[in-house]
Student: 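This is the structure, below, for whatever I ask next.
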Amino acid sequence: MTSIAFMALNETMFECARDVLKGAHDDVRLAVGLMGGAVDVARNFAAAGVEVVISRGATARCVQAALPDLSVVDMSTSSLDLLSAIHKAQAKAERVAVVAFPPMSDGAREIGDMLGADVGVYQWDREEDIARAVLEARADGAGIVVGGYIMALIARRLGVPCQPVESSPQSILAAVREAKRIAHGRGVEKAKSSLMRAVLTSTDNGIVAVDRRGQVTVFNPVAGRLLRMTEADALGRPVSDVWHRSGLPRVLESGQGEAGRIERVFDQEIMCSMTPVSVGGETVGAVATFHDVRQIQKMEATVRKRILASGHVAASRFQDILGASPAVRQAIAMGMDYARTSATVLIHGETGTGKELFAQGIHNASARRAGPFVAVNCAALPAQILESELFGYVPGAFTGASQKGKPGLFELAHGGTIFLDEIAEMDPPTQGKLLRVLQEKRVMRLGSDQVIPVDVRVVAATNKDLGALVASGAFRDDLYYRLNVLRLGLPPLRQRLEDIPALAARFLAQAATRPGGHTLSGAALKELRAHQWPGNVRELQNAMARVAALLREEEVPGGLVRQLLADSPPARVKSAAPGEKERVVDALARANGRMADAAKLLGVSRSTLWRRMKAVRP
C-alpha cells in the first residue's frame, strides 16, 4: 500500500500532477482538496495508511495543524513559478499586486523590477485576512492580483481580476521526491522503533525511562507487571507518581548513575540500576532497569546447574538400593521421610554399608532433586586443601592458588545437596568454619572479605561414634548438634544376611567375564552367609569381582568362595565407646524399656541395640 498522497488544490493542478507522475510515480495517490476540505481528505488518507501528504501553501499548513502525526510536504512555489504568474498578469494590467503569504510573496518586487513591471506586495497570515488584502490592493490601483488558489477564489468572488500562481511540473516532481525521502526515513524509524519495542517487550528486565523533567517516556510490560500499572497510565506522568522510590529524580539532578540497589516494591524485592542519559555533557534523561530478585535467583540456579553438569549429580535412588531385609527396608523408609524435609542428615554406618548411596537417594527424593549433588570425602584431603575445596578462594590467596580463583564446593552445591563423607576426619579449625556456614548460610572464600549466600542442604556421614569423639574433645559439640538433626543408621551386612544372595548375584553378574554369567551354588551361599563381612557390601562386591575373574565354569563352588574369603582380614571386635553405656541406658529409660522405641531414639536397628547392650553389659 502506497504511503504518499498528492493533494491538488484544484482540478488543473490535479491534471498536471497526474500527467507528470504517470509511469515513474504511479504509487502516489492523487486527490483534490483545499483548506478545510483538504483536512477531511487527508484524514481519510491517514486512516488508509498514508503517512506523507503533499500540498501547498495555506492548505499544507492547515493539514499539518489538524493532523500532526502526518508528515506534510509543502510544495513550495519556486521563483520561476512566481515569475511566470507575474509575467502573465503584466500582459493583462499595468499595475500588478502580489497578495500572498510568505514565502510565496518573497522576491516579488525584485521579479517585477526584472520584468519592468509595477508590482506591489500585500502579505497575509490568516485566511480571513485575504479579502481585506485584495481590496486594499485594488484600492491602491492594482489592475490585477497574483497569489495562490485560495486568494484567486476570493478575488473572483470580489470581482477583482486575478492570476493564480501555478505549480510547475518541476515543483511537483521535486515535492514527490522529497515526500519519498521522508517516507523512506519514516520506514527506517518505524523499523528501529519496532526493534526497540521488541527489545523492551522481550527482555526480562523492567525498564523505565524519563526525560529531563522526570516524566515517563518508556515503560515496558515487565515494569508494568512489577509496578502494577499499565503503560498507557504511566507514559507522560511524573515518575514519582508511577514509582515513588525510583531514585530517577536523584539521578537527573546529580548526573550520577546507581547500580545494584535493592528495594521492596509491593510484596517483592527488586534489584535496580539507574543510568543518566547525557547529550553534550548535559543530563537530558535517565533510565532505570530492574529485576525481580526471585527471578535472579532462579537464573543463578540455572547457570550454576549448567556449570555443574560436569558430574555433580546423584545417580542412585532409593529404588536402586537392593535389599529386602527389615533393617534395610526400615533405613529406606526413614531416608524417604527425611527427604521430605530440608534439615541436616547425619548418616552413621560402618565402612562399605552404602552411606553415599543413601545420601544420593535422599537428594533424589527431595525437592532439591533438580539441583546439584556435590560429594566430598573429608578424609581424602589435607586440612588446608579441604578448606579451600569447601569454601573456595580468591586469586593469589595462597602459594600455588589458581590466578583465576576458584568457587568452593558449597557454592557449587547451591540449590542442591552437599555430602560430607567421613566428617569425623575434619580438623577442628575447618569444623569451626563449617559450623559458621551452617549457621549463617553464607560462605567466605579464602583471602576474601566478601560473603556469598548459599542455599545448601547438608548430608554428613561417618563410620565413627561422633558422640564419643565429642566426649573426648576430638569433635566440636556445637557442630555435632548442628549435624545430628536427623540421624540415619545403616545396618552392617552381617545383620542383613538375607540380602546376601541377591546382592552377590547382582555383583557377580556385573563382573561376569563369560557369556551367560555365573550362578552361585548352595555351598557358595553358605560360605557367604558365614563370613563376618567387616568391609560390608563393598567387600562383598570386591569378592564377587575376584570370583568372576577366576571362575571358568558356570556355577560358583563353595570351595572357591571359602578360599577367597580366607584372604580377607578378620573382623575387628569393637569395644563399647566411651559414653555408650549411658546413651543406651538413657534411651531405654525414655522408651520405658521398649526395645523398638529405644532403637529408634538411637537411630539404630533393634539388632544393633542388642549388640550394644551386650557390649556395655558388665
Side-chain angles (χ1 to χ4, degrees), residues 314-339 347-365 421 461 463 488-569 571 599 603-608 610-611:
S316 299
R317 292 167 171 77
F318 282 126
Q319 52 265 40
D320 300 326
I321 299 175
L322 192 62
S325 63
V328 170
R329 293 295 98 192
Q330 180 183 357
I332 292 175
M334 188 175 293
M336 295 181 69
D337 290 338
Y338 289 170
I347 303 177
H348 179 271
E350 297 178 10
T351 298
T353 52
K355 294 185 287 296
E356 182 168 353
L357 200 65
F358 273 81
Q360 292 185 14
I362 290 173
H363 172 78
N364 279 325
D421 198 9
N463 60 3
L488 179 61
L490 301 185
L493 186 56
R494 60 184 172 274
Q495 294 179 8
R496 42 181 294 209
L497 298 178
E498 58 265 57
D499 292 332
I500 287 179
L503 288 169
R506 171 183 283 187
F507 296 147
L508 190 60
Q510 290 173 348
T513 57
R514 66 183 297 278
H518 307 284
T519 59
L520 289 160
S521 66
L525 289 174
K526 183 178 180 181
E527 293 293 339
L528 293 176
R529 290 192 183 97
H531 189 63
Q532 288 298 302
W533 299 110
N536 294 290
V537 178
R538 187 179 295 119
E539 183 186 359
L540 175 61
Q541 185 176 16
N542 294 339
M544 291 300 99
R546 292 196 299 272
V547 166
L550 297 174
L551 189 64
R552 294 294 177 264
E553 56 268 24
E554 180 179 346
E555 188 176 64
V556 179
L560 177 60
V561 174
R562 183 170 55 255
Q563 175 187 349
L564 293 176
L565 293 181
D567 297 333
S568 301
V604 298
S605 65
R606 292 184 62 179
S607 58
T608 300
W610 274 111
R611 179 172 51 82

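Here, residue 1 is the first one in the sequence, and each next residue gets the next number. What you see is a predicted model; the values in this text were computed from it and never measured.
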Student: Measure the NE2-CD distance between His363 and Glu356 for me, rounded to the nearest 0.5 Å.
Tutor: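 Between His363 NE2 and Glu356 CD, I get 12.0 Å after rounding to 0.5 Å.
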
Student: Are the side chains of Leu322 and Val328 in touch, meaning some heavy atoms are under 4.5 Å apart?
Tutor: no

Student: Restricting to non-hydrogen atoms, name the atom on Ala331 and the atom on Leu490 that form the minimum distance, rounded to 0.1 Å.
Tutor: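 Where Ala331 meets Leu490 most closely, the heavy atoms are CB-CD2, 4.1 Å.
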
Student: I'd like to know if Arg317 and Asp320 make a salt bridge, using a cut-off of under 4.0 Å between side-chain N and carboxylate O.
Tutor: no

Student: How close do Ala545 and Ala511 get, counting heavy atoms only, and between which atoms?
Tutor: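 In this case the closest contact between Ala545 and Ala511 is CA-CB, 3.8 Å.
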
Student: Is the backbone of Ser316 close enough, under 3.5 Å, to the side chain of Gln360 for a donor and an acceptor to pair up by distance?
Tutor: yes

Student: What verdict does the side chain to side chain contact (heavy atoms under 4.5 Å, CB included) test give for Phe507 and Val537, after you've listed the backbone C-alpha separation in whole Å, the side-chain angles of each residue and the deciding distance to 0.1 Å?
Tutor: CA-CA 10 Å; Phe507 296 147; Val537 178; 3.6 Å; yes

Student: Quick one: closest heavy-atom pair of Ala327 and Pro491, and the distance?
Tutor: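 Closest approach of Ala327 to Pro491: CB-CG, 3.6 Å.
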
Student: State which residue, out of Leu497, Leu503, Val556, Ile500, fulfils the side chain to side chain contact (heavy atoms under 4.5 Å, CB included) condition with Leu528.
Tutor: Ile500

Student: Measuring only between side-chain heavy atoms, which start at C-beta, is Gln495 closer than 4.5 Å to Pro492?
Tutor: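 Contact flag for Gln495/Pro492 side chains = yes.
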
Student: Please round to the nearest 0.5 Å and tell me the distance separating atom CD1 of Ile347 and atom OH of Tyr338.
Tutor: 10.0 Å

Student: How would you list, by chain and number, every residue that makes a side-chain hydrogen bond (donor to acceptor under 3.5 Å, both in side chains) with Thr519, sequence neighbours excluded?
Tutor: none

Student: Look at the side chain of His518 and the backbone N and O of Glu553, then say whether any donor-acceptor pair between them is shorter than 3.5 Å.
Tutor: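 Yes, His518 side chain to Glu553 backbone: donor-acceptor pair under 3.5 Å.
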
Student: Working to the nearest 0.5 angstrom, can you tell me the gap between Leu488 CG and Gln330 CD?
Tutor: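 Output value for this atom pair is 9.5 Å.
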
Student: Indicate the atoms forming the closest heavy-atom contact of Arg496 with Ser325, along with that distance.
Tutor: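 Between these two residues, the closest heavy atoms are CB-OG, 3.5 Å.
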
Student: Is there a side-chain contact between Pro557 and Leu551 (heavy atoms, below 4.5 Å)?
Tutor: yes

Student: For Thr353 and Phe358, what are the C-alpha separation, side-chain angles and deciding distance, and is it a side chain to side chain contact (heavy atoms under 4.5 Å, CB included)?
Tutor: CA-CA 9 Å; Thr353 52; Phe358 273 81; over 6 Å; no

Student: With a 4.0 Å cut-off on N to O distance, would you call Arg538 and Glu350 a salt bridge?
Tutor: no

Student: Return the CZ to CD distance between Arg562 and Glu527, rounded to the nearest 0.5 Å.
Tutor: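 If we round to the nearest 0.5 Å, Arg562:CZ and Glu527:CD are 4.5 Å apart.
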
Student: For Gly349, is there any backbone N or O sitting under 3.5 Å from a side-chain donor or acceptor partner on Asn463?
Tutor: no

Student: Taking the side chain as everything from C-beta on, heavy atoms only, tell me whether Arg506 gets closer than 4.5 Å to Met544.
Tutor: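 No - every pair of side-chain heavy atoms lies 4.5 Å or more apart.
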
Student: With a 4.5 Å cut-off on side-chain heavy atoms, are Pro326 and Glu498 touching?
Tutor: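 In short, these two side chains touch, coming nearer than 4.5 Å.
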
Student: Using side-chain heavy atoms (C-beta onward) and a distance below 4.5 Å, is Pro501 in contact with Arg529?
Tutor: yes

Student: Check whether the side chains of Glu539 and His531 place a donor and an acceptor atom closer than 3.5 Å, and report yes or no.
Tutor: yes

Student: Look at the side chain of Arg494 and the backbone N and O of Asn536, then say whether any donor-acceptor pair between them is shorter than 3.5 Å.
Tutor: no

Student: Would you compute the distance between atom CD1 of Ile332 and atom CD1 of Ile362 and round it to the nearest 0.5 angstrom?
Tutor: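 CD1 of Ile362 is found 11.0 Å from CD1 of Ile332.
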
Student: Looking only at heavy atoms, which two atoms of Ala365 and Ala339 are closest? And how far apart?
Tutor: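 Result for this residue pair: CB-CB, 3.6 Å.
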
Student: Which pair of non-hydrogen atoms, one from Leu520 and one from Ala504, has the smallest distance, and what is that distance?
Tutor: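 Heavy-atom minimum between the residues: CD1-CB, 3.6 Å.
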
Student: Taking the side chain as everything from C-beta on, heavy atoms only, tell me whether Asp421 gets closer than 4.5 Å to Lys355.
Tutor: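 In short, these two side chains touch, coming nearer than 4.5 Å.
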
